[in-house]
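Have a look at the structure below, then the notes.
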Amino acid sequence: MVKGSILIMSNVRVRFAPSPTGFFHIGSARTALFNWLYARHTNGTFILRIEDTDKERNSDEFLQVIYNSLRWLGLDWDEGPQVGGDYGPYLQSQRNDIYQKYLKILADKGRTYEKDGAIWFKLEGERYTEYDEFAKKDIEKVRAKPQLIHDMIRGDVERAEDRDFVIYRANGEPVFHFVNVVDDIAMKITHVIRGEDHLSNTSKHCELFRAFGVEPPVFAHIPLILKQEGSGKMSKRDRGALIEEYQKDHYLPAAVRNYLCMLGWSPKDDREIMDIGEIIELFDFPGIQQKNARFDEKKMAFFNSEYVKALPLETLAWLARPILTEAGSITENTDEDYFQEVLMVAKPKISSLKDLPALLCYFFNENYATVEDAKNRVFKKGDPIARLTEALPALERLNDWTEDSIHAVYDAVASEKGQKNTDYFPVTRLAVSGLAGGPDLMPTLRVLGKEKVIARIRNFLEKNK
RNA sequence: GUCCCGUUCGUCUAGCCCGGCCUAGGACACCAGGUUUUCAUCCUGGCGACAGGGGUUCGAAUCCCCUACGGGAUGCCA
(Lines give C-alpha, C1' and ligand atoms only; values in the text may rest on other atoms or scores of the structure.)
Protein backbone atom coordinates (compact mmCIF):
# COMPACT_ATOMS: atom_id res chain seq x y z
CA MET A 1 0.00 0.00 0.00
CA VAL A 2 1.18 3.47 -0.79
CA LYS A 3 1.78 5.42 2.37
CA GLY A 4 -1.23 7.48 3.37
CA SER A 5 -3.56 5.88 0.88
CA ILE A 6 -6.82 4.33 1.96
CA LEU A 7 -7.14 0.61 1.52
CA ILE A 8 -9.90 0.07 -0.97
CA MET A 9 -11.35 -3.40 -1.27
CA SER A 10 -11.87 -4.54 -4.83
CA ASN A 11 -14.92 -6.55 -5.76
CA VAL A 12 -12.88 -9.69 -6.21
CA ARG A 13 -14.28 -12.43 -4.01
CA VAL A 14 -12.60 -15.82 -3.97
CA ARG A 15 -13.18 -18.81 -1.80
CA PHE A 16 -11.36 -21.85 -0.56
CA ALA A 17 -13.89 -24.60 -0.03
CA PRO A 18 -12.37 -27.67 1.59
CA SER A 19 -14.23 -30.67 2.80
CA PRO A 20 -13.32 -31.89 6.27
CA THR A 21 -13.18 -35.51 5.24
CA GLY A 22 -9.52 -36.22 5.74
CA PHE A 23 -6.20 -34.63 6.41
CA PHE A 24 -5.06 -31.34 5.01
CA HIS A 25 -3.43 -32.24 1.74
CA ILE A 26 -0.61 -30.30 0.11
CA GLY A 27 -2.74 -29.83 -3.01
CA SER A 28 -5.50 -28.29 -0.92
CA ALA A 29 -2.92 -26.09 0.72
CA ARG A 30 -1.78 -24.80 -2.63
CA THR A 31 -5.32 -24.20 -3.83
CA ALA A 32 -5.93 -22.22 -0.64
CA LEU A 33 -2.65 -20.39 -1.16
CA PHE A 34 -3.42 -19.38 -4.76
CA ASN A 35 -6.86 -18.12 -3.75
CA TRP A 36 -5.35 -16.20 -0.86
CA LEU A 37 -2.60 -14.74 -3.06
CA TYR A 38 -5.10 -13.60 -5.66
CA ALA A 39 -7.30 -12.02 -3.00
CA ARG A 40 -4.35 -10.21 -1.46
CA HIS A 41 -3.04 -9.19 -4.89
CA THR A 42 -6.34 -7.63 -5.86
CA ASN A 43 -7.30 -6.33 -2.40
CA GLY A 44 -10.23 -8.68 -2.68
CA THR A 45 -11.88 -10.93 -0.15
CA PHE A 46 -10.70 -14.41 0.75
CA ILE A 47 -13.53 -16.58 1.98
CA LEU A 48 -13.28 -19.90 3.78
CA ARG A 49 -16.28 -22.12 3.24
CA ILE A 50 -16.56 -25.60 4.67
CA GLU A 51 -18.17 -28.13 2.35
CA ASP A 52 -19.41 -30.62 4.89
CA THR A 53 -22.48 -31.95 3.11
CA ASP A 54 -21.44 -35.56 3.44
CA LYS A 55 -22.20 -36.19 7.11
CA GLU A 56 -20.89 -39.74 6.96
CA ARG A 57 -17.37 -38.61 6.20
CA ASN A 58 -17.03 -35.40 8.12
CA SER A 59 -15.75 -34.80 11.59
CA ASP A 60 -15.08 -31.86 13.84
CA GLU A 61 -11.48 -32.90 14.36
CA PHE A 62 -10.84 -32.62 10.64
CA LEU A 63 -12.37 -29.15 10.74
CA GLN A 64 -9.77 -28.17 13.30
CA VAL A 65 -7.03 -29.62 11.06
CA ILE A 66 -8.13 -27.25 8.29
CA TYR A 67 -8.13 -24.16 10.51
CA ASN A 68 -4.86 -25.15 12.08
CA SER A 69 -3.09 -25.81 8.77
CA LEU A 70 -4.31 -22.60 7.14
CA ARG A 71 -3.22 -20.56 10.16
CA TRP A 72 0.14 -22.30 10.25
CA LEU A 73 0.72 -21.35 6.62
CA GLY A 74 -0.31 -17.80 7.40
CA LEU A 75 -3.38 -17.90 5.16
CA ASP A 76 -5.86 -15.75 7.03
CA TRP A 77 -9.41 -15.59 5.77
CA ASP A 78 -11.59 -12.50 5.65
CA GLU A 79 -14.92 -14.28 5.87
CA GLY A 80 -15.70 -17.72 7.17
CA PRO A 81 -15.92 -19.81 10.30
CA GLN A 82 -14.39 -18.20 13.40
CA VAL A 83 -14.29 -14.75 11.78
CA GLY A 84 -17.85 -14.33 10.49
CA GLY A 85 -18.99 -12.23 7.55
CA ASP A 86 -22.10 -10.97 5.79
CA TYR A 87 -22.73 -14.10 3.75
CA GLY A 88 -22.77 -16.75 6.47
CA PRO A 89 -23.18 -19.28 7.77
CA TYR A 90 -19.96 -20.60 6.25
CA LEU A 91 -20.54 -24.25 7.02
CA GLN A 92 -22.70 -25.85 4.37
CA SER A 93 -24.26 -28.13 6.96
CA GLN A 94 -25.91 -24.98 8.35
CA ARG A 95 -27.25 -23.62 5.08
CA ASN A 96 -30.09 -26.01 4.36
CA ASP A 97 -32.86 -23.41 4.15
CA ILE A 98 -30.82 -21.49 1.58
CA TYR A 99 -30.42 -24.62 -0.53
CA GLN A 100 -34.15 -25.34 -0.27
CA LYS A 101 -34.92 -21.87 -1.64
CA TYR A 102 -32.59 -22.37 -4.55
CA LEU A 103 -33.97 -25.84 -5.16
CA LYS A 104 -37.43 -24.32 -5.45
CA ILE A 105 -36.18 -21.91 -8.11
CA LEU A 106 -35.02 -24.83 -10.25
CA ALA A 107 -38.19 -26.78 -9.55
CA ASP A 108 -40.35 -23.81 -10.56
CA LYS A 109 -38.44 -23.64 -13.82
CA GLY A 110 -39.16 -27.32 -14.43
CA ARG A 111 -35.49 -28.25 -14.26
CA THR A 112 -35.81 -30.96 -11.59
CA TYR A 113 -37.47 -34.32 -11.18
CA GLU A 114 -37.52 -37.12 -8.64
CA LYS A 115 -36.16 -40.60 -9.24
CA ASP A 116 -35.25 -43.33 -6.74
CA GLY A 117 -36.00 -40.90 -3.94
CA ALA A 118 -33.33 -38.44 -5.11
CA ILE A 119 -33.81 -35.12 -6.87
CA TRP A 120 -32.17 -34.84 -10.28
CA PHE A 121 -31.20 -31.86 -12.39
CA LYS A 122 -32.75 -32.05 -15.85
CA LEU A 123 -30.60 -31.16 -18.85
CA GLU A 124 -32.20 -29.60 -21.90
CA GLY A 125 -31.88 -31.40 -25.22
CA GLU A 126 -32.80 -34.42 -27.25
CA ARG A 127 -32.82 -37.70 -25.27
CA TYR A 128 -31.53 -41.08 -26.37
CA THR A 129 -30.36 -44.32 -24.81
CA GLU A 130 -26.83 -45.61 -25.16
CA TYR A 131 -24.64 -48.34 -23.69
CA ASP A 132 -22.10 -46.71 -21.38
CA GLU A 133 -18.71 -48.38 -21.29
CA PHE A 134 -17.84 -46.99 -17.89
CA ALA A 135 -21.14 -47.73 -16.18
CA LYS A 136 -21.43 -51.01 -18.07
CA LYS A 137 -25.11 -50.56 -18.83
CA ASP A 138 -27.65 -48.74 -21.00
CA ILE A 139 -28.09 -45.17 -19.92
CA GLU A 140 -30.41 -42.35 -20.91
CA LYS A 141 -28.35 -39.55 -22.37
CA VAL A 142 -29.04 -36.01 -23.47
CA ARG A 143 -27.67 -34.00 -26.36
CA ALA A 144 -27.19 -30.86 -24.29
CA LYS A 145 -25.65 -27.67 -25.56
CA PRO A 146 -21.91 -27.48 -24.76
CA GLN A 147 -21.19 -25.17 -21.85
CA LEU A 148 -18.68 -22.40 -22.40
CA ILE A 149 -16.19 -22.22 -19.55
CA HIS A 150 -14.15 -19.06 -19.37
CA ASP A 151 -10.91 -20.12 -17.75
CA MET A 152 -8.05 -17.73 -16.99
CA ILE A 153 -5.49 -20.51 -17.24
CA ARG A 154 -6.91 -22.81 -19.90
CA GLY A 155 -8.58 -20.25 -22.11
CA ASP A 156 -12.13 -20.89 -23.23
CA VAL A 157 -13.10 -24.52 -22.83
CA GLU A 158 -16.25 -26.11 -24.19
CA ARG A 159 -17.70 -29.23 -22.64
CA ALA A 160 -21.14 -30.77 -22.91
CA GLU A 161 -22.87 -32.74 -20.17
CA ASP A 162 -24.73 -35.74 -21.44
CA ARG A 163 -26.50 -37.09 -18.35
CA ASP A 164 -28.87 -35.67 -15.77
CA PHE A 165 -27.28 -35.65 -12.34
CA VAL A 166 -28.40 -35.85 -8.72
CA ILE A 167 -28.56 -32.61 -6.76
CA TYR A 168 -30.34 -33.91 -3.65
CA ARG A 169 -29.66 -37.37 -2.29
CA ALA A 170 -32.40 -39.78 -1.27
CA ASN A 171 -31.44 -39.08 2.35
CA GLY A 172 -32.39 -35.42 1.87
CA GLU A 173 -28.88 -33.98 1.78
CA PRO A 174 -27.80 -31.77 -1.11
CA VAL A 175 -24.90 -32.80 -3.34
CA PHE A 176 -21.58 -31.02 -3.86
CA HIS A 177 -22.27 -29.72 -7.38
CA PHE A 178 -25.47 -28.07 -6.26
CA VAL A 179 -24.31 -26.48 -3.00
CA ASN A 180 -21.08 -25.40 -4.59
CA VAL A 181 -22.89 -23.41 -7.24
CA VAL A 182 -25.59 -22.09 -4.92
CA ASP A 183 -23.02 -20.82 -2.46
CA ASP A 184 -20.87 -19.28 -5.17
CA ILE A 185 -23.96 -17.36 -6.25
CA ALA A 186 -25.12 -16.54 -2.72
CA MET A 187 -21.65 -15.51 -1.60
CA LYS A 188 -21.11 -13.43 -4.75
CA ILE A 189 -17.93 -15.30 -5.72
CA THR A 190 -16.25 -13.64 -8.70
CA HIS A 191 -13.35 -16.04 -9.38
CA VAL A 192 -13.31 -19.77 -8.80
CA ILE A 193 -9.71 -20.92 -8.36
CA ARG A 194 -9.49 -24.67 -7.87
CA GLY A 195 -7.70 -27.82 -8.96
CA GLU A 196 -7.83 -29.02 -12.53
CA ASP A 197 -9.58 -32.18 -11.39
CA HIS A 198 -12.68 -29.97 -11.26
CA LEU A 199 -12.45 -28.82 -14.85
CA SER A 200 -14.62 -31.70 -16.05
CA ASN A 201 -17.17 -30.92 -13.35
CA THR A 202 -17.36 -27.34 -14.46
CA SER A 203 -19.78 -28.07 -17.28
CA LYS A 204 -22.21 -29.34 -14.62
CA HIS A 205 -21.66 -26.19 -12.63
CA CYS A 206 -22.18 -23.98 -15.64
CA GLU A 207 -25.44 -25.80 -16.41
CA LEU A 208 -26.60 -24.96 -12.89
CA PHE A 209 -25.43 -21.34 -12.95
CA ARG A 210 -27.25 -20.78 -16.22
CA ALA A 211 -30.34 -22.64 -15.05
CA PHE A 212 -30.46 -20.14 -12.19
CA GLY A 213 -30.16 -17.38 -14.77
CA VAL A 214 -26.73 -16.39 -13.50
CA GLU A 215 -23.64 -16.03 -15.68
CA PRO A 216 -20.88 -18.25 -14.18
CA PRO A 217 -17.91 -16.64 -12.47
CA VAL A 218 -14.44 -16.58 -14.00
CA PHE A 219 -12.70 -19.90 -13.51
CA ALA A 220 -9.02 -20.65 -13.01
CA HIS A 221 -8.22 -24.34 -12.95
CA ILE A 222 -4.76 -24.76 -11.55
CA PRO A 223 -2.55 -27.76 -12.38
CA LEU A 224 -2.37 -30.70 -10.02
CA ILE A 225 0.53 -31.78 -7.86
CA LEU A 226 1.80 -35.18 -8.90
CA LYS A 227 3.39 -37.70 -6.57
CA GLN A 228 7.20 -37.89 -6.52
CA GLU A 229 7.48 -41.36 -7.87
CA GLY A 230 4.98 -43.45 -9.74
CA SER A 231 2.04 -42.03 -11.62
CA GLY A 232 -0.98 -40.01 -10.63
CA LYS A 233 -1.73 -37.05 -8.43
CA MET A 234 -0.45 -36.81 -4.93
CA SER A 235 -2.70 -38.56 -2.48
CA LYS A 236 -3.01 -38.54 1.27
CA ARG A 237 -0.86 -41.60 1.65
CA ASP A 238 2.13 -40.23 -0.26
CA ARG A 239 5.19 -39.07 1.62
CA GLY A 240 5.19 -35.30 2.00
CA ALA A 241 1.49 -35.01 1.19
CA LEU A 242 0.21 -33.74 4.50
CA ILE A 243 0.76 -30.29 5.93
CA GLU A 244 0.85 -31.72 9.43
CA GLU A 245 3.99 -33.69 8.50
CA TYR A 246 5.78 -30.42 7.91
CA GLN A 247 4.51 -29.00 11.16
CA LYS A 248 5.68 -32.10 12.99
CA ASP A 249 9.10 -31.95 11.33
CA HIS A 250 9.51 -28.30 12.32
CA TYR A 251 9.62 -26.95 8.79
CA LEU A 252 9.31 -23.18 8.68
CA PRO A 253 5.84 -22.34 7.37
CA ALA A 254 7.15 -19.47 5.27
CA ALA A 255 9.47 -21.92 3.50
CA VAL A 256 6.69 -24.39 2.78
CA ARG A 257 4.52 -21.56 1.54
CA ASN A 258 7.29 -20.21 -0.69
CA TYR A 259 7.95 -23.64 -2.18
CA LEU A 260 4.26 -24.16 -2.83
CA CYS A 261 4.11 -20.81 -4.63
CA MET A 262 6.85 -21.96 -7.00
CA LEU A 263 5.10 -25.25 -7.69
CA GLY A 264 2.90 -24.09 -10.54
CA TRP A 265 3.52 -20.39 -10.46
CA SER A 266 6.51 -18.35 -11.59
CA PRO A 267 7.44 -14.68 -11.31
CA LYS A 268 8.81 -15.07 -14.87
CA ASP A 269 12.35 -14.28 -13.83
CA ASP A 270 14.92 -16.40 -12.05
CA ARG A 271 13.83 -15.69 -8.50
CA GLU A 272 12.65 -18.54 -6.29
CA ILE A 273 13.29 -17.58 -2.69
CA MET A 274 10.96 -14.62 -2.43
CA ASP A 275 9.35 -12.53 0.22
CA ILE A 276 5.62 -13.19 0.41
CA GLY A 277 4.94 -9.47 -0.09
CA GLU A 278 6.75 -9.56 -3.41
CA ILE A 279 4.86 -12.65 -4.44
CA ILE A 280 1.54 -11.02 -3.60
CA GLU A 281 2.52 -8.04 -5.71
CA LEU A 282 3.37 -10.19 -8.74
CA PHE A 283 0.89 -13.04 -8.41
CA ASP A 284 -1.60 -13.30 -11.26
CA PHE A 285 -3.07 -15.88 -13.63
CA PRO A 286 -0.58 -15.49 -16.50
CA GLY A 287 2.16 -16.69 -14.17
CA ILE A 288 0.36 -19.92 -13.42
CA GLN A 289 1.61 -23.02 -15.16
CA GLN A 290 -0.71 -25.17 -17.27
CA LYS A 291 1.00 -28.48 -16.70
CA ASN A 292 0.94 -30.63 -13.58
CA ALA A 293 3.96 -30.35 -11.32
CA ARG A 294 5.74 -33.19 -9.64
CA PHE A 295 6.43 -32.70 -5.96
CA ASP A 296 10.12 -32.76 -4.97
CA GLU A 297 10.95 -33.15 -1.30
CA LYS A 298 14.61 -32.30 -1.91
CA LYS A 299 13.73 -28.92 -3.30
CA MET A 300 11.26 -28.41 -0.48
CA ALA A 301 14.08 -29.18 1.98
CA PHE A 302 16.30 -26.71 0.13
CA PHE A 303 13.77 -23.93 0.55
CA ASN A 304 13.51 -24.80 4.22
CA SER A 305 17.26 -24.71 4.71
CA GLU A 306 17.48 -21.31 3.04
CA TYR A 307 14.87 -19.96 5.42
CA VAL A 308 16.52 -21.58 8.44
CA LYS A 309 19.89 -20.10 7.51
CA ALA A 310 18.30 -16.66 7.24
CA LEU A 311 16.84 -16.84 10.74
CA PRO A 312 18.19 -14.26 13.20
CA LEU A 313 19.93 -15.88 16.18
CA GLU A 314 17.21 -14.81 18.62
CA THR A 315 14.48 -16.33 16.49
CA LEU A 316 16.48 -19.49 16.03
CA ALA A 317 16.97 -19.75 19.79
CA TRP A 318 13.27 -19.18 20.37
CA LEU A 319 12.36 -21.94 17.93
CA ALA A 320 15.11 -24.31 19.04
CA ARG A 321 14.31 -24.25 22.75
CA PRO A 322 11.06 -26.25 22.67
CA ILE A 323 12.48 -28.70 20.13
CA LEU A 324 15.58 -29.41 22.21
CA THR A 325 13.50 -29.55 25.37
CA GLU A 326 11.16 -32.09 23.87
CA ALA A 327 14.11 -34.18 22.75
CA GLY A 328 15.44 -34.14 26.31
CA SER A 329 18.61 -32.24 25.38
CA ILE A 330 17.92 -29.21 27.53
CA THR A 331 15.77 -28.34 30.53
CA GLU A 332 14.63 -25.05 32.04
CA ASN A 333 17.80 -25.24 34.16
CA THR A 334 20.08 -25.11 31.12
CA ASP A 335 22.27 -22.03 31.36
CA GLU A 336 20.93 -19.36 29.01
CA ASP A 337 24.32 -17.90 28.09
CA TYR A 338 25.70 -21.33 27.31
CA PHE A 339 22.63 -22.17 25.22
CA GLN A 340 23.01 -18.97 23.22
CA GLU A 341 26.69 -19.61 22.68
CA VAL A 342 26.08 -23.13 21.42
CA LEU A 343 23.56 -21.84 18.92
CA MET A 344 25.87 -19.09 17.75
CA VAL A 345 28.64 -21.60 17.09
CA ALA A 346 26.30 -24.11 15.43
CA LYS A 347 24.22 -21.68 13.41
CA PRO A 348 26.16 -21.96 10.13
CA LYS A 349 25.56 -25.71 10.19
CA ILE A 350 21.87 -25.68 10.90
CA SER A 351 19.77 -26.37 7.84
CA SER A 352 16.73 -27.92 9.46
CA LEU A 353 15.17 -27.52 12.86
CA LYS A 354 14.30 -31.18 12.95
CA ASP A 355 17.98 -32.17 13.04
CA LEU A 356 18.76 -29.90 15.97
CA PRO A 357 18.73 -32.58 18.70
CA ALA A 358 20.97 -34.91 16.70
CA LEU A 359 23.32 -32.06 15.85
CA LEU A 360 23.59 -30.51 19.30
CA CYS A 361 22.73 -33.01 22.03
CA TYR A 362 26.38 -33.56 23.06
CA PHE A 363 26.67 -29.92 24.05
CA PHE A 364 24.18 -30.53 26.82
CA ASN A 365 24.50 -34.19 27.74
CA GLU A 366 27.26 -36.64 28.62
CA ASN A 367 25.29 -39.64 27.43
CA TYR A 368 25.62 -38.91 23.71
CA ALA A 369 26.12 -41.99 21.55
CA THR A 370 29.08 -42.61 19.27
CA VAL A 371 27.68 -43.01 15.78
CA GLU A 372 29.01 -46.18 14.23
CA ASP A 373 29.36 -44.72 10.73
CA ALA A 374 31.29 -41.78 12.06
CA LYS A 375 33.64 -44.04 13.98
CA ASN A 376 34.28 -46.21 10.94
CA ARG A 377 35.10 -43.18 8.89
CA VAL A 378 37.52 -41.76 11.42
CA PHE A 379 39.25 -45.06 12.01
CA LYS A 380 39.59 -45.83 8.33
CA LYS A 381 43.07 -44.38 8.02
CA GLY A 382 46.04 -43.59 10.22
CA ASP A 383 46.19 -44.19 13.95
CA PRO A 384 43.62 -41.89 15.47
CA ILE A 385 44.01 -43.28 18.99
CA ALA A 386 47.73 -42.50 18.92
CA ARG A 387 46.97 -38.93 17.80
CA LEU A 388 44.38 -38.44 20.49
CA THR A 389 46.76 -39.80 23.12
CA GLU A 390 49.61 -37.57 21.97
CA ALA A 391 47.60 -34.39 22.17
CA LEU A 392 45.97 -35.04 25.51
CA PRO A 393 48.85 -34.01 27.84
CA ALA A 394 49.35 -30.76 25.97
CA LEU A 395 45.67 -29.95 26.22
CA GLU A 396 45.74 -30.74 29.94
CA ARG A 397 48.57 -28.27 30.41
CA LEU A 398 46.74 -25.51 28.51
CA ASN A 399 45.20 -22.91 30.80
CA ASP A 400 44.31 -20.22 28.31
CA TRP A 401 41.32 -22.08 26.73
CA THR A 402 40.73 -20.05 23.59
CA GLU A 403 40.28 -21.13 20.01
CA ASP A 404 43.66 -19.76 18.99
CA SER A 405 45.57 -21.36 21.82
CA ILE A 406 43.82 -24.71 21.39
CA HIS A 407 44.73 -24.58 17.74
CA ALA A 408 48.31 -23.69 18.62
CA VAL A 409 48.50 -26.76 20.85
CA TYR A 410 47.58 -29.00 17.94
CA ASP A 411 50.05 -27.25 15.63
CA ALA A 412 52.82 -27.76 18.18
CA VAL A 413 52.02 -31.41 18.88
CA ALA A 414 51.69 -32.14 15.18
CA SER A 415 55.04 -30.65 14.27
CA GLU A 416 56.72 -32.34 17.23
CA LYS A 417 55.36 -35.75 16.23
CA GLY A 418 55.85 -35.21 12.51
CA GLN A 419 52.11 -35.34 11.76
CA LYS A 420 49.67 -32.98 10.08
CA ASN A 421 47.39 -31.11 12.43
CA THR A 422 44.42 -32.34 10.40
CA ASP A 423 45.24 -35.85 11.58
CA TYR A 424 44.16 -34.82 15.06
CA PHE A 425 40.86 -33.14 14.33
CA PRO A 426 38.47 -35.87 13.20
CA VAL A 427 39.21 -38.15 16.12
CA THR A 428 38.99 -35.28 18.58
CA ARG A 429 35.57 -34.41 17.24
CA LEU A 430 34.53 -38.02 17.46
CA ALA A 431 35.69 -38.23 21.07
CA VAL A 432 33.86 -35.10 22.24
CA SER A 433 30.70 -35.45 20.14
CA GLY A 434 30.38 -39.00 18.87
CA LEU A 435 29.98 -37.55 15.38
CA ALA A 436 32.09 -37.07 12.28
CA GLY A 437 30.72 -33.64 11.44
CA GLY A 438 29.27 -30.61 13.11
CA PRO A 439 30.08 -27.01 13.97
CA ASP A 440 33.67 -25.86 13.53
CA LEU A 441 35.90 -27.83 15.86
CA MET A 442 37.83 -25.06 17.66
CA PRO A 443 34.70 -23.13 18.66
CA THR A 444 33.13 -26.42 19.69
CA LEU A 445 36.02 -27.25 21.99
CA ARG A 446 36.06 -23.73 23.37
CA VAL A 447 32.34 -23.73 24.13
CA LEU A 448 32.39 -27.20 25.69
CA GLY A 449 35.16 -26.06 28.01
CA LYS A 450 38.44 -27.62 29.03
CA GLU A 451 37.01 -29.80 31.75
CA LYS A 452 34.47 -31.57 29.54
CA VAL A 453 36.83 -31.91 26.62
CA ILE A 454 39.56 -33.53 28.70
CA ALA A 455 37.09 -35.82 30.45
CA ARG A 456 35.53 -36.94 27.20
CA ILE A 457 38.87 -37.62 25.52
CA ARG A 458 39.98 -39.71 28.52
CA ASN A 459 36.73 -41.56 28.52
CA PHE A 460 37.00 -42.21 24.81
CA LEU A 461 40.55 -43.53 25.14
CA GLU A 462 39.47 -45.76 28.00
CA LYS A 463 36.69 -47.26 25.90
CA ASN A 464 38.89 -47.73 22.82
CA LYS A 465 42.02 -49.18 24.37
C1' G B 1 -14.92 -46.60 -24.10
C1' U B 2 -16.21 -41.28 -24.14
C1' C B 3 -15.13 -36.28 -22.88
C1' C B 4 -11.70 -32.44 -21.06
C1' C B 5 -6.65 -30.65 -20.07
C1' G B 6 -1.54 -30.99 -20.87
C1' U B 7 3.76 -32.29 -23.10
C1' U B 8 11.28 -27.55 -22.67
C1' C B 9 17.28 -30.83 -18.74
C1' G B 10 15.89 -36.55 -13.68
C1' U B 11 12.65 -32.52 -11.08
C1' C B 12 10.68 -27.19 -10.66
C1' U B 13 10.82 -23.60 -14.43
C1' A B 14 12.34 -19.02 -18.22
C1' G B 15 11.54 -18.48 -23.40
C1' C B 16 5.91 -19.65 -26.58
C1' C B 17 0.57 -15.31 -26.77
C1' C B 18 3.53 -10.79 -30.38
C1' G B 19 8.41 -16.70 -35.21
C1' G B 20 14.80 -14.55 -35.88
C1' C B 21 18.43 -11.63 -29.78
C1' C B 22 18.12 -19.68 -28.22
C1' U B 23 25.18 -22.43 -29.80
C1' A B 24 17.51 -22.85 -25.20
C1' G B 25 18.70 -19.29 -19.47
C1' G B 26 18.02 -20.17 -13.99
C1' A B 27 17.11 -23.39 -9.62
C1' C B 28 17.07 -28.32 -7.01
C1' A B 29 19.50 -32.93 -7.42
C1' C B 30 23.90 -35.32 -9.15
C1' C B 31 29.32 -35.30 -10.49
C1' A B 32 34.30 -32.97 -10.43
C1' G B 33 37.79 -29.30 -8.78
C1' G B 34 38.98 -25.33 -5.32
C1' U B 35 38.65 -22.79 -0.42
C1' U B 36 38.59 -24.50 4.67
C1' U B 37 41.45 -26.83 10.78
C1' U B 38 37.73 -32.31 10.05
C1' C B 39 32.46 -32.89 8.24
C1' A B 40 29.37 -29.34 6.36
C1' U B 41 29.11 -24.43 4.32
C1' C B 42 30.97 -21.54 0.37
C1' C B 43 33.08 -20.80 -4.69
C1' U B 44 34.06 -22.57 -9.73
C1' G B 45 33.04 -25.92 -13.46
C1' G B 46 30.47 -30.22 -15.59
C1' C B 47 26.31 -33.30 -16.82
C1' G B 48 21.61 -32.48 -18.87
C1' A B 49 15.75 -30.82 -22.44
C1' C B 50 12.33 -28.12 -27.03
C1' A B 51 7.81 -36.04 -27.14
C1' G B 52 7.62 -37.82 -32.58
C1' G B 53 6.01 -36.80 -37.55
C1' G B 54 4.05 -33.63 -41.12
C1' G B 55 3.04 -28.71 -42.72
C1' U B 56 3.31 -22.84 -43.01
C1' U B 57 7.76 -19.67 -43.50
C1' C B 58 13.78 -17.03 -45.95
C1' G B 59 13.58 -18.70 -40.77
C1' A B 60 9.79 -22.51 -35.62
C1' A B 61 10.90 -24.37 -28.85
C1' U B 62 7.62 -20.45 -30.53
C1' C B 63 1.95 -20.79 -35.57
C1' C B 64 -1.31 -25.16 -37.74
C1' C B 65 -2.47 -30.55 -38.16
C1' C B 66 -1.77 -35.68 -36.84
C1' U B 67 0.24 -39.44 -33.69
C1' A B 68 2.20 -40.97 -29.15
C1' C B 69 2.50 -40.32 -24.14
C1' G B 70 0.92 -38.14 -19.35
C1' G B 71 -3.04 -36.22 -16.21
C1' G B 72 -8.17 -35.57 -14.94
C1' A B 73 -13.41 -36.59 -15.19
C1' U B 74 -17.08 -40.07 -16.13
C1' G B 75 -20.43 -41.36 -7.79
C1' C B 76 -27.05 -40.33 -4.38
C1' C B 77 -17.52 -38.38 -2.60
C1' A B 78 -15.89 -33.46 -2.61
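Order of the sequence lines sets the chain letters (A, B, ...), proteins ahead of strands, with each chain counted from 1.
For A/Phe425, counting side-chain heavy atoms from C-beta on, the closest listed nucleotide (B/U38, B/C4, B/G1) is B/U38. Proximity note for A/Asp132 (side chain, C-beta onward) versus B/C4, B/A78, B/G1: the nearest is B/G1. Candidate nucleotides B/C76, B/U37, B/C5 were compared by shortest atom distance to the side chain of A/Glu196, and B/C5 ranks first. Listed candidates were B/G6, B/C39, B/G71. Nearest to the side chain of A/Leu226 is B/G71.
Put simply, A/Ser231 has a side-chain N or O that comes within less than 4.0 Å of OP1 or OP2 on B/G71. In this structure, A/Lys227 does not reach the B/U11 phosphate: none of its side-chain N or O atoms is under 4.0 Å from OP1 or OP2. Residue A/Ser200 places none of its side-chain N or O atoms closer than 4.0 Å to OP1 or OP2 of B/C5.
A gap of 15 Å separates the P atoms of B/G6 and B/A51, to the nearest Å.
Across all strands, A/Asp440 comes closer than 4.0 Å to base atoms (heavy-atom distances). Heavy atoms of A/Asp423 sit nowhere under 4.0 angstrom from any nucleic acid atom. A/His221 comes within contact range of no nucleotide atom at all, as no heavy-atom separation falls under 4.0 Å. Within 4.0 Å (heavy atoms only), A/Gly232 reaches sugar-phosphate atoms of the nucleic acid but no base atom.
Considering only residues two or more places apart in sequence or on other chains, A/Asp183 meets the salt bridge (charged side-chain N to carboxylate O under 4.0 Å, His left out) condition with A/Arg49, A/Arg95.
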Footprint string (nucleotides 13-27 of chain B, 5' to 3'): B base within contact, S backbone only, - free, heavy atoms under 4.0 Å: SSS---------BBB
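Using cut-offs of 30° and 60° on the angle between ring planes, the pair A/Tyr38 and A/His191 is tilted. In this structure, A/His198 and A/Phe176 have tilted ring planes: the angle between them lies in the 30° to 60° band.
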For A/Ser203 and A/Glu161, run side chain to side chain donor-acceptor pair (under 3.5 Å): C-alpha distance rounded to whole Å, both residues' side-chain angles, the deciding distance at 0.1 Å, then the answer. CA-CA 6 Å; A/Ser203 41; A/Glu161 282 300 313; 2.7 Å; yes
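We find that A/Glu130 and A/Lys141 are joined by a salt bridge, their nearest charged nitrogen and carboxylate oxygen being less than 4.0 Å apart. Salt bridge annotation for A/Lys227-A/Asp238: present, with a cationic side-chain nitrogen under 4.0 angstrom from a carboxylate oxygen. Look at A/Glu124 and A/Arg111 and you find a salt bridge, because one of the NZ, NE, NH1 or NH2 atoms lies within 4.0 Å of a carboxylate O, short of that distance.
A donor-acceptor contact under 3.5 angstrom links the side-chain atoms of A/Asn201 to the base of B/A78.
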